[in-house]
Amino acid sequence: MKRIKKSYRLFLTLIVLLSITTLAIFTSEPKSASGLLPPSIMPVVILQGSDYEMGYQYGQQAGPILIMRKEASWATALNKQSREDILHTIKAYQWYIKKYAPEIIEQMKGMAAGAQDAGYDITYIDALLLNAGQGNPGPTWNYPKGAENEKLYMGCSTWAAWGSTTLDGRLIGGDSQDRTFFHAVVMVVFPDNGNSYMNPAIAGYLAHKPSMNNKGVFVGQTLGMGDIDSDLGDYGLPFHSAILPMMRFADSAEEAKNMLISWKIDEDSSWLIADVKGNAYVVELTSDVKSVRKTGDFGETDFIYCTNNYFNEEMKEVAKGLTFTEHAGWASPNNRISSISRNKELWTMFTRYHGKIDLNFAKMMWRFTGDPPPSPVDDEFMKVYRAGLGKGWNAKICNLGNASVGIALPDNGDKGVMYICTGPAVKGAYPSTPRGG
């Protein structure tokens, strides 16, 4: 394994809002009787070298968490498919990874070797399952020709503001992963080839969001409107894996955007891409349809945002959006209702406080909670709520589903800073939907 040099060429200062500690402490934490306590820390893994070497270092440093993620991922996958079907599925993902981001293959090989040398039973197939999803394709997904012959090696809210919107003109990016708690790490990566970058990530992923590199490029991402129609997805490059080559090889938002629209991505999603030069886009996509939104297209001045729904007209039919709300996008009574009020919140914040946005303001936005649930949340309330596209429930970007919040201050150089919070950044947060758990 290549030794990480003391002169890291550190382009980042990492500041974590909640606790960060080492894996040694993680393994000695008290355990609950049910085993269901969420992780209380987000250990930092620092990677440097070739693709294989960085994967090896990841496997060595994150072995205890990777074991837990491996077991959970196999349990989920085997609940839906046989092992034979799972292997068939992940071969298709490997086919697309080789096509669009082959460097990930070597990192997964290294991850398995590093974990095994550290005493943790992680194989290449386990690493591929972690990065490719959990083997659950839709009935209409198109299996890539030749993928069956692949050999398996054994072994959401986001925004950006800059210029006239921010207090000092500096780019600020924010992103939250709205899902249940997960075992996670913070990745700080110094590859031999390409840009350095950092991001918080679900353990086992080789990249995730939010992410920023030392060329001043910021990427946030949200899932789209796919639970309206399973046809919006297909085999392709796993959506989170697309972040890695963008961070490594894009020197601007324009380059990252062009890379993204040239690939086939498996999940319908929205991608926010911005850089310190004032360029910003939201790429709204399914596996077959892509649309680019630019700052200003819907009235924004030096800011842009996206949650879980689409804005562009060409996405209306794809997303089956029944109603368009100004500054909030397409929605239907059966999908992405909470996106309406979250988008309105972001629009209001950046227009009403134009020129005053800074780091403390960004932190405040993820501590600004919605209202408590009405009582009772019965079928009649849900009927009115859905018909009114969320009226009666004030969803905010701060909610109980904030498993990870990141606020980035990118830099074209070595002064980038990212603030990371594990879980909601405030006590008293509420679900994003009335029956959100």
Side-chain angles (χ1 to χ4, degrees), residues 73-74 76-105 108 124-153 156 204-209 221-246 256-271 282-292 308-310 312 314-321 330 332 334-336:
S73 295
W74 274 110
T76 300
L78 289 169
N79 191 46
K80 301 171 183 176
Q81 295 188 89
S82 68
R83 180 178 175 84
E84 183 179 66
D85 287 340
I86 292 167
L87 297 180
H88 181 74
T89 296
I90 62 177
K91 282 182 178 181
Y93 281 111
Q94 180 176 271
W95 189 91
Y96 277 105
I97 291 171
K98 283 183 176 179
K99 181 177 180 179
Y100 296 133
E103 58 275 0
I104 293 176
I105 300 294
M108 290 189 294
Y124 171 85
I125 291 176
D126 297 329
L128 180 58
L129 181 70
L130 290 174
N131 280 276
Q134 295 169 352
N136 190 34
T140 60
W141 288 23
N142 299 300
Y143 200 79
K145 186 177 180 180
E148 64 276 6
N149 298 321
E150 285 282 311
K151 292 183 178 179
L152 296 175
Y153 305 99
C156 309
Y205 284 9
L206 290 167
H208 210 209
K209 56 90 178 191
Q221 182 266 345
T222 72
L223 288 178
M225 305 180 78
D227 50 347
I228 293 177
D229 189 343
S230 63
D231 289 345
L232 299 184
D234 200 352
Y235 288 109
L237 183 65
F239 71 94
H240 54 83
S241 296
I243 296 172
L244 188 152
M246 284 195 285
K257 179 258 296 180
N258 290 340
M259 292 169 70
L260 184 62
I261 62 178
S262 72
W263 300 329
K264 183 176 181 179
I265 306 295
D266 67 330
E267 290 272 7
D268 62 295
S269 47
S270 292
W271 296 72
V282 171
V283 180
E284 302 176 347
L285 59 83
T286 71
S287 60
D288 297 312
V289 181
K290 298 181 179 71
S291 175
V292 177
N308 297 106
N309 60 331
Y310 300 133
N312 285 337
E314 52 265 50
M315 304 303 289
K316 174 183 177 181
E317 183 177 352
V318 171
K320 295 182 171 57
W330 295 107
S332 77
N334 297 316
N335 190 264
R336 302 311 187 197

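The structure displayed is predicted, hence computed values, not measured ones.
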Heavy-atom pair with the smallest gap, counting every atom of Pro238 and Ala132: CG-CA, 3.9 Å
Can you measure from CD (Glu314) to OG (Ser291) and round to the nearest 0.5 angstrom? 3.0 Å
Counterpart residues, side chain to side chain donor-acceptor pair (under 3.5 Å), relative to Asn309 (two or more places apart): Thr307, Asn343
Which word best sums up how the rings of His88 and Tyr143 line up, parallel for under 30°, tilted for 30 to 60°, or perpendicular for over 60°? parallel
Tightest non-hydrogen contact, residues Ser269 and Tyr310, listed as N-OH, 3.5 Å
State the OG1-NZ distance between Thr286 and Lys264, to the nearest 0.5 angstrom. 9.5 Å
Pair Ile125-Trp74, side chain to side chain contact (heavy atoms under 4.5 Å, CB included): steps then yes or no: CA-CA 11 Å; Ile125 291 176; Trp74 274 110; 3.9 Å; yes
Heavy-atom side-chain proximity of Tyr93 to Asn131 below 4.5 angstrom: no
Could you pull out the closest heavy-atom pair between Ala256 and Met246, with the gap in Å? O-SD, 3.5 Å
Approximate separation, where rounding is to 0.5 Å, of Met108 CE and Gln94 CD: 6.5 Å
Flag the pair Ser241 / Leu206 as yes when at least one side-chain heavy-atom distance between them is below 4.5 Å, and no otherwise. no
What's the shortest heavy-atom distance between Lys290 and Leu285, and which atoms? CG-CB, 3.8 Å
Tell me, please, which residues at least two apart from Lys91 pass side chain to side chain donor-acceptor pair (under 3.5 Å). none
Can you name the one residue among Tyr235, Phe239, Tyr96 that meets side-chain contact (heavy atoms from CB on, under 4.5 Å) with Asp266? Phe239
Atom pair CG (Leu237) and NZ (Lys98), whose distance is rounded to the nearest 0.5 Å: 14.0 Å
Exercise: identify the closest heavy-atom pair between Arg83 and Leu78: N-CD2, 3.8 Å
Supply the atom-to-atom distance Asp85 CG to Lys80 NZ, rounded to the nearest 0.5 angstrom. 13.5 Å
Spatial distance of atom CG (Leu129) from atom OG1 (Thr89) [nearest 0.5 Å]: 10.0 Å
Which pair of heavy atoms, one from Trp263 and one from Met259, lies closest together, and at what distance? CD2-O, 3.2 Å
Donor-acceptor under 3.5 Å (Glu284 side chain, Asn312 main chain): yes
